[in-house]
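Report on the following structure.
Computed from a prediction, not measured in an experiment: that's the story for all the values here. Below, chain A is the first sequence line, B the second, and so on; all start at residue 1.
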Number of protein chains: 2
Amino acid sequence: MRKENSTNALNAQELYETCGMAIALRILGGRWKPGIIWNLAQGRIRYGQLKALIPNISERMLIQQLKELEKYGFVERFVFPEVPPRVEYALTEEGKTLIPIVQALAAWGDSQRDKIKLPV
Amino acid sequence: MRKENSTNALNAQELYETCGMAIALRILGGRWKPGIIWNLAQGRIRYGQLKALIPNISERMLIQQLKELEKYGFVERFVFPEVPPRVEYALTEEGKTLIPIVQALAAWGDSQRDKIKLPV
DNA sequence: TTAATTACTAACAAACAAGTAAGAAATGAG
DNA sequence: CTCATTTCTTACTTGTTTGTTAGTAATTAA
């Protein structure tokens, strides 16, 4: 749960208002969103497949991040009234504008892999 | 202090190995690094000025993030043997490769500002 | 009737990131 | 002698993110 008036939250809020990069990192950041967006960039996909494509992600995290991306309109959810349930996810048009960003970040990161060693 | 064997840390580690974007976000992510890099992109600058340019940042956070960027070779530190001390910071050549990324992220984020409303 | 399937939820705990506050060091100015 | 200056450091607290476990629904197949 987020505390609306913590210094922490206020600092975050102010950054969103003045800094586009803070907004971008809010959408793109976190441990799992990159992988989610990357895989959705390949096309519409079922929840279970997405989970299989992202090693180690827990259902809680996957759902949570998908919901957040959906809430902001970057991801669309398609539900089929079947049993067992079938739900597919896809990037919206707006979500697809993320793809070049994600590619640029990934390329830069890959170029750094051999130069730096991240801590354990 | 980071626990080397927490699932959390292991997940992070695995991502670094397989996903360039995770590396990039490790360098670029967090609340303050964007602003630090953005300001350093304008040129060499003193610690105190940098602090003044980044509203609300605490000394602890500024130092901590600068040290991390320095450790990975994206930022250089120039110390003048004076009293009171004078220390200047600048992006290294490697650090300058971040500039286009940072600009792309900022531009995308700015383009989203009116479309989405981030939570408090 | 019992188990298997699939997408999801809720309660809780561990790990991590960020914020607060106090102070150190070395010198020059008063 | 005391104070201001500037760049940091340390110990501590609060807040946020991530992980774990158990469980739901509604049908079909055995």
Report task. Name the residue closer to the 5' end of DNA chain D, choosing between A:Ser58 and B:Arg77 according to the nucleotide with the nearest heavy atom. Result -> B:Arg77
Report task. Please report, rounded to the nearest Å, how far the C1' atom of D:dT18 is from the CD atom of B:Gln13. Result -> 17 Å
Query raised in the report: Which whole-number value in Å describes the distance from A:Lys51 NZ to D:dG19 C1'?
Result: 12 Å
Report task. On DNA chain C, check which nucleotide each of B:Asn56 and A:Ile63 is closest to and give me the residue with the more 5' one. Result -> A:Ile63
**Report entry** Side-chain N,O (B:Thr7) to OP1/OP2 (C:dA15) below 4.0 Å
**Finding:** no
Query raised in the report: When the distance from CG of A:Leu66 to P of C:dC8 is rounded to whole Å, what number comes out?
Result: 8 Å
Report task. Please examine the side chains of B:Gln112 and A:Glu94, heavy atoms only from C-beta on, and report whether any two atoms are closer than 4.5 Å. Result -> yes
**Report entry** Short side-chain N/O contact from A:Asn11 to OP1 or OP2 of C:dG19, under 4.0 Å
**Finding:** yes
**Report entry** Rounded distance (Å) that lies between atom P of C:dG19 and atom CD1 of B:Ile57
**Finding:** 8 Å
Query raised in the report: Does a side-chain N or O from A:Tyr47 land closer than 4.0 Å to OP1 or OP2 of C:dT5, or not?
Result: no
Requested in this report: For D:dG19, take OP1 and OP2 only and decide whether either is under 4.0 Å from a side-chain N or O of A:Arg31.
Outcome: yes
Query raised in the report: Heavy atoms under 4.0 Å, any strand shown: does B:Ser6 hit a base, just sugar-phosphate, or nothing?
Result: sugar-phosphate
Query raised in the report: Taking the six-membered ring of B:Phe78, is the NZ or CZ of B:Arg44 close enough (under 6.0 Å from the centre) and on axis enough (within 45°)?
Result: yes
Requested in this report: For A:Phe80, answer base if it contacts any base atom (sugar-phosphate contacts may also be present), sugar-phosphate if it contacts only those atoms, and nothing otherwise; contact means non-hydrogen atoms under 4.0 Å.
Outcome: nothing
Report task. Can you tell me the distance, in whole Å, between the CZ atom of A:Arg26 and the P atom of D:dT16? Result -> 11 Å
Requested in this report: Select from A:Arg60 and A:Val83 the residue whose nearest nucleotide in DNA chain C is closer to the 5' end of that strand.
Outcome: A:Val83
Query raised in the report: NA contact type, B:Lys67, heavy-atom cut-off 4.0 Å: base, sugar-phosphate, or nothing?
Result: sugar-phosphate
Query raised in the report: Please walk me through it: do B:Gln65 and B:Arg31 pass side chain to side chain contact (heavy atoms under 4.5 Å, CB included)?
Result: CA-CA 10 Å; B:Gln65 307 297 300; B:Arg31 179 164 302 158; over 6 Å; no
Query raised in the report: Considering only heavy atoms from C-beta outward, does the side chain of B:Phe74 approach that of B:Leu28 to under 4.5 Å?
Result: no
Query raised in the report: Mapping A:Gln65 and A:Pro84 to their closest nucleotides on DNA chain D, which lands nearer the 5' end?
Result: A:Gln65
Query raised in the report: To the nearest angstrom, how far is A:Glu82 atom CD from D:dA26 atom P?
Result: 16 Å
Query raised in the report: To the nearest angstrom, how far is B:Leu62 atom CG from D:dT10 atom P?
Result: 17 Å
Requested in this report: State, with a plain yes or no, whether a side-chain heavy atom of B:Asn56 is found less than 4.5 Å away from one of A:Leu10.
Outcome: no
Query raised in the report: Of all the nucleotides listed (D:dG19, C:dT6, D:dT16), which has the minimum atom distance to the side chain of A:Trp32?
Result: D:dG19
Query - SB check B:Arg46 B:Glu88 (cutoff 4.0 Å) - result: no
Query - Integer-rounded Å distance: C:dA18 P and A:Asn5 CG - result: 20 Å
Report task. Please tell me which of the listed nucleotides, D:dG19, C:dA18, C:dT6, lies nearest to the side chain of A:Met61? Result -> D:dG19
